[in-house]
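One structure is given below, encoded as structure tokens.
Chain A is the first sequence line, chain B the second, and so forth, proteins listed ahead of strands; every chain is numbered from 1. Hydrogens, waters and symmetry mates play no part in the numbers below; they use all other heavy atoms, side chains included. Fair warning: this is a prediction, and the values are worked out from it, not measured in the lab.
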2 protein chains.
Amino acid sequence: MFSKACEYAIRASIYIARQSMTDKRASLIDISQEIASPVSFTSKILQQLVKAGIIYSIRGQNGGFGIDAAARSTKTIANIVTAIDGDAIFIDCGLGLKECSSTQPCPIHQKFIGIRNELKLVLDSTSIEEVASGLKDGETYLKR
Amino acid sequence: MFSKACEYAIRASIYIARQSMTDKRASLIDISQEIASPVSFTSKILQQLVKAGIIYSIRGQNGGFGIDAAARSTKTIANIVTAIDGDAIFIDCGLGLKECSSTQPCPIHQKFIGIRNELKLVLDSTSIEEVASGLKDGETYLKR
DNA sequence: ATCAATTCGGACAATATTATCCGATTAAAT
DNA sequence: ATTTAATCGGATAATATTGTCCGAATTGAT
């Protein structure tokens, strides 16, 4: 469904949000540890999330990553997916046709509209805060 | 959503089905032409579909590919996806966790169940015949 | 001022996916 | 029998994704 980079991005964002909820900064090392991801690769992905305005970073000693309260409640899983994988999954033709549309549909065009809508609806309506809360309560997991 | 190989596989299957509906065999060259795909790569994909029992092939002069009536009505888009991409999209955790389950869920586990069910439902219930019919009537397209 | 802990950025490496090429095989047509 | 048109299978190449390494820059602590 998503690229590896995107999976790491979502997991990292949720972990960072959880830490930010108790005013703790998350370091790259901590994050990679807690979401079981390759450190250097995760570093690149976090930089992308910073540029996309989803998380913030602070350099130097006692630095790390965080997500402020506003971003936690307004930014969604869909925002993360778009930042890392682009919006292809939300808008591209399921069969890879460039000019597929309602007036020139591929054979599964109508079928895919429903799937895509469901996907978009769910990811658009799921804030980072919402999913981080379950993690905070120990009800959900980010590794293994 | 799907790999390129899988997109070509679905488009090829639909084209072959349309041809088989009027008892015409589809050659590799024709198929690549009609679905706008790279010839040699398409060849490999068609071989996979043959091995998966979704299409049949006949070698030698006047050879080509076809899908018999039974397969057209019983084989689904889901079968094609599974043959080429495997069943990861239907069963794997959206965040890439190996041990994600209802008892040890990732933070978006419940949200994804709905998406996955919708996807599986739609692809499982869509036969090759059904989508090929629209193409036959000139209502849908397989290239561009 | 120096050191230590951290993110940033660029180059590089490994792996997976996509794509090409060509000879071998098959089977119909001549 | 030979030629021709087609799929099959293996090797190889190109590109994209995933992953590593390391020095530079930044900032707090000593």
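- Counting any heavy atom pair closer than 4.0 Å across all strands shown, A:Ser27 reaches sugar-phosphate atoms only and no base atom.
- A distance of 6.0 Å or more separates the ring centres of A:Phe112 and A:Phe90.
- Comparing A:Lys51 and A:Gln61 along DNA chain C, the residue whose closest nucleotide (by nearest heavy atom) sits nearer the 5' end is A:Gln61.
- Distance CG (B:Leu28) to P (C:dT25): 20 Å, rounded to an integer number of Å.
- A straight line from CD of A:Gln48 to C1' of C:dG10 spans 15 Å, rounded to a whole angstrom.
- Ranking D:dG19, C:dT18, D:dC21 by closeness to the B:Phe41 side chain, first place goes to C:dT18.
- Among the atoms of the strands shown, only primed sugar atoms or phosphate atoms (P, OP1, OP2) are found under 4.0 Å from some heavy atom of B:Ile58.
- In the set C:dC8, C:dA19, D:dT7, the nucleotide with an atom closest to the side chain of B:Pro38 is C:dA19.
- In this model, the phosphate group of C:dC8 is approached by a side-chain N or O of A:Ser57 to a distance below 4.0 Å at OP1 or OP2.
- Listed pair A:Tyr8 / D:dG19 meets the phosphate criterion, a side-chain N or O lying under 4.0 Å from OP1 or OP2.
- Note: CZ (B:Arg25) to P (D:dA6) measures 11 Å, nearest angstrom.
- Considering only side-chain N and O atoms, A:Asn62 lies under 4.0 angstrom from the phosphate OP1 or OP2 of D:dA29.
- The residue from B:Asn117, B:Ile115, B:Val122, B:Leu119 that alone fulfils the side chain to side chain contact (heavy atoms under 4.5 Å, CB included) condition with A:Glu118 is B:Ile115.
- Here the closest heavy-atom approach between residue A:Glu129 and residue A:Ser73 is recorded as OE1-CB, 3.4 Å.
- Salt bridge status for A:Glu130 with B:Lys111: present, with a side-chain N to carboxylate O gap under 4.0 Å.
- Rounding to whole angstrom units, CD1 of residue B:Ile35 and P of C:dA19 are separated by 11 Å.
- Rounded to whole Å, atom P of D:dA14 lies 17 Å from atom NZ of B:Lys44.
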